[in-house]
Asker: 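Pasting a structure below so you can have a look.
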Amino acid sequence: MRLPIRDPRTIARDISGVFDALFPQLAQGVVASFNRGAIPIDGCEPVSQELVEATSVQRAMLFETAVAAAEQLIEGGSAVDWDLCLGTAVARQKAHFDAKLPQSLTSVDKEVSLHVARNLIAAFRQLRASSGTEALVRGPRIPGFQWVASSVGDFSIGRALIEVKCTNKHFISSDYRQILMYWLLSYCAALETGATEWADGVLVNPRLNRVVRFSFNGLIPIVGAGKSKVELVELFSTMLGTRVPLTPRGHADGPG
């Protein structure tokens with residue numbers, strides 16, 4: 001009998017068993033070490049906590065709305081269609097959480113969302129400047145493997161996979177687990193079909209004005225306790241095939 005949870009994002013964020021075996025060294029100290037490499041987004045400032053606390057809608061919905069606003073502006077919009085942003089935010093949140101459409105956005109809601117959107121756009125600009133002429137891709141495909149379903153990430157530029165988090169704290173282990181799961185699935189596909197695996201992971205928090213970028217080849221030997229990439233795939237395949245007992249964890253807030 002197969003596990004009912006098939007989405008790679010849910011497995012990575014909410015189930016501990018897979019990652020305890022695959023990446024046993026993904027501990028608080030390692031996460032803190034990578035977080036110390038965070039850089040600010042050029043020309044941007046964090047969103048003040050006081051302003052965020054003055055908003056009227058649920059936080060995850062607010063920041064999902066901000067991401068949708070950024071996408072509109074990237075696509076050449078001269079002004080943000082807030083009703084469209086809300087609709088997009090609800091559709092995305094419903095994929096993982098219960099979500100209801102807010103009746104309206106206050107001026108403070110829009111101010112915070114626009115600040116986050118502009119920071120995110122600036123982060124993409126900064127990342128593209130370091131990646132040559134590669135285009136920004138929304139919703140890059142994450143391949144499935146065995147009973148793990150295919151999915152989509154947040155954004156990508158070339159071989160860099162970008163995940164956006166808008167919490168009021170620095171990146172945590174579940175953020176790294178999610179992006180590691182996406183890499184692992186891409187590497188499984190690379191071995192099976194010759195597809196290209198992700199080379200770099202990027203975590204962006206436009207609310208706090210922080211960006212962490214790392215190479216998977218640099219991170220994996222540290223958190224994988226010396227296992228090679230092929231060994232990780234073999235272990236992952238065995239775990240999926242034998243349906244090892246897994247323990248669900250609670251959801252974290254924020255989009256992505």
Side-chain angles (χ1 to χ4, degrees), residues 8-9 12 34 37-47 60 62-82 84-89 91-93 95-96 112-143 150-167 171 175-176 178-183 185-187 189-190 195-219 254-256:
R9 177 185 184 274
F34 275 87
I39 60 174
I41 304 165
D42 292 342
C44 296
E45 296 291 336
V47 181
L62 177 70
F63 295 117
E64 197 74 77
T65 301
V67 173
E71 291 169 353
Q72 285 189 23
L73 296 173
I74 289 169
E75 291 169 359
S78 57
V80 175
D81 182 335
W82 293 109
L84 181 59
C85 286
L86 279 174
T88 300
R92 291 174 181 170
Q93 284 290 298
H96 302 285
V112 170
S113 293
L114 194 56
H115 188 156
V116 171
R118 287 171 173 164
N119 280 4
L120 185 56
I121 292 169
F124 292 150
R125 189 180 303 118
Q126 185 170 310
L127 290 166
R128 285 197 68 190
S130 64
S131 302
T133 59
E134 299 284 0
L136 175 71
V137 175
R138 163 70 200 177
R141 181 179 179 275
I142 307 299
S150 61
S151 185
V152 294
D154 286 343
F155 299 91
S156 67
I157 297 175
R159 292 180 65 198
L161 180 63
I162 304 166
E163 287 297 304
V164 179
K165 309 297 174 184
C166 290
T167 63
F171 305 114
D175 300 327
Y176 286 88
Q178 180 182 349
I179 204 165
L180 276 166
M181 170 63 88
Y182 289 170
W183 165 80
L185 291 169
S186 79
Y187 187 62
T196 302
E197 67 179 291
W198 299 112
D200 295 328
V202 184
L203 295 171
V204 179
N205 189 328
R207 175 179 174 181
L208 297 184
N209 193 35
R210 290 173 175 169
V211 178
V212 171
R213 181 169 186 166
F214 53 86
S215 74
F216 286 110
N217 282 342
L219 177 62

Asker: What's the shortest heavy-atom distance between S186 and T196, and which atoms?
Answerer: CB-O, 4.5 Å

Asker: Ignoring hydrogens and geometry, is there a side-chain-to-backbone donor-acceptor pair from R213 to D200 under 3.5 Å?
Answerer: no

Asker: So does E45 get a backbone contact from the side chain of N119, meaning a donor-acceptor N/O pair under 3.5 Å?
Answerer: yes

Asker: What are the two closest non-hydrogen atoms of Q72 and C85, and how far apart are they?
Answerer: NE2-SG, 3.3 Å

Asker: Just by distance, do the side chain of H115 and the backbone of A66 share a donor-acceptor pair under 3.5 Å?
Answerer: no

Asker: Could you tell me which non-hydrogen atom of V202 sits nearest to which non-hydrogen atom of A160, and how far apart they are?
Answerer: CG2-CB, 4.3 Å

Asker: Check for me whether the distance between the ring centres of Y182 and Y187 falls short of 6.0 Å.
Answerer: no

Asker: Mind running side chain to side chain contact (heavy atoms under 4.5 Å, CB included) on Q126 and I39 for me, showing each step along the way?
Answerer: CA-CA 11 Å; Q126 185 170 310; I39 60 174; 3.5 Å; yes

Asker: Please report the shortest heavy-atom distance between I41 and P206, naming the atom on each side.
Answerer: CD1-CA, 4.3 Å

Asker: Would you call E163 and D175 a side-chain contact if the rule is heavy atoms closer than 4.5 Å?
Answerer: no

Asker: Under the salt bridge (charged side-chain N to carboxylate O under 4.0 Å, His left out) rule, collect the residues that match up with R138, sequence neighbours excluded.
Answerer: E71

Asker: Say you draw a straight line from CD1 of I142 to CG of L161; how long is it, rounded to the nearest 0.5 Å?
Answerer: 5.0 Å

Asker: Would you check if S113 and F63 make a side-chain contact, meaning some heavy-atom pair closer than 4.5 Å?
Answerer: no

Asker: Tell me, do W198 and I179 make a side-chain contact under 4.5 Å, heavy atoms counted?
Answerer: no

Asker: Evaluate F124 against I74 for side chain to side chain contact (heavy atoms under 4.5 Å, CB included), listing each step before the verdict.
Answerer: CA-CA 10 Å; F124 292 150; I74 289 169; 3.6 Å; yes

Asker: Output all residues satisfying salt bridge (charged side-chain N to carboxylate O under 4.0 Å, His left out) with R210, sequence neighbours left out; order by chain, then residue number.
Answerer: none

Asker: Side chains of R207 and P46: does their closest heavy-atom pair fall under 4.5 Å?
Answerer: no

Asker: When you compare the side chain of V152 with that of P140, does any pair of heavy atoms fall below 4.5 Å?
Answerer: no

Asker: Using side-chain heavy atoms (C-beta onward) and a distance below 4.5 Å, is V137 in contact with F155?
Answerer: no

Asker: Yes or no on side chain to side chain contact (heavy atoms under 4.5 Å, CB included) for C166 and V116, after CA distance, side-chain angles and deciding distance?
Answerer: CA-CA 8 Å; C166 290; V116 171; 4.1 Å; yes

Asker: From I157 CD1 over to L136 CG, what is the distance, rounded to the nearest 0.5 angstrom?
Answerer: 5.0 Å

Asker: Kindly give the heavy-atom pair with the smallest separation between D154 and V164, and that separation in Å.
Answerer: OD2-N, 2.8 Å

Asker: Roughly how far, to the nearest 0.5 Å, is CG of L114 from OG1 of T65?
Answerer: 12.5 Å

Asker: Where do G218 and S215 come nearest, in terms of heavy atoms and distance?
Answerer: N-OG, 2.9 Å

Asker: Any side-chain heavy-atom pair from V47 and L208 closer than 4.5 angstrom?
Answerer: no

Asker: Take V211 and L203 through the test side chain to side chain contact (heavy atoms under 4.5 Å, CB included) and record every step on the way to the result.
Answerer: CA-CA 6 Å; V211 178; L203 295 171; over 6 Å; no

Asker: Does C44 offer a backbone N or O that forms a donor-acceptor pair with the side chain of N209 under 3.5 Å?
Answerer: yes

Asker: Would you say K165 and V204 make side-chain contact, with heavy atoms under 4.5 Å?
Answerer: no

Asker: Supply the atom-to-atom distance F171 CZ to N205 CG, rounded to the nearest 0.5 angstrom.
Answerer: 5.0 Å

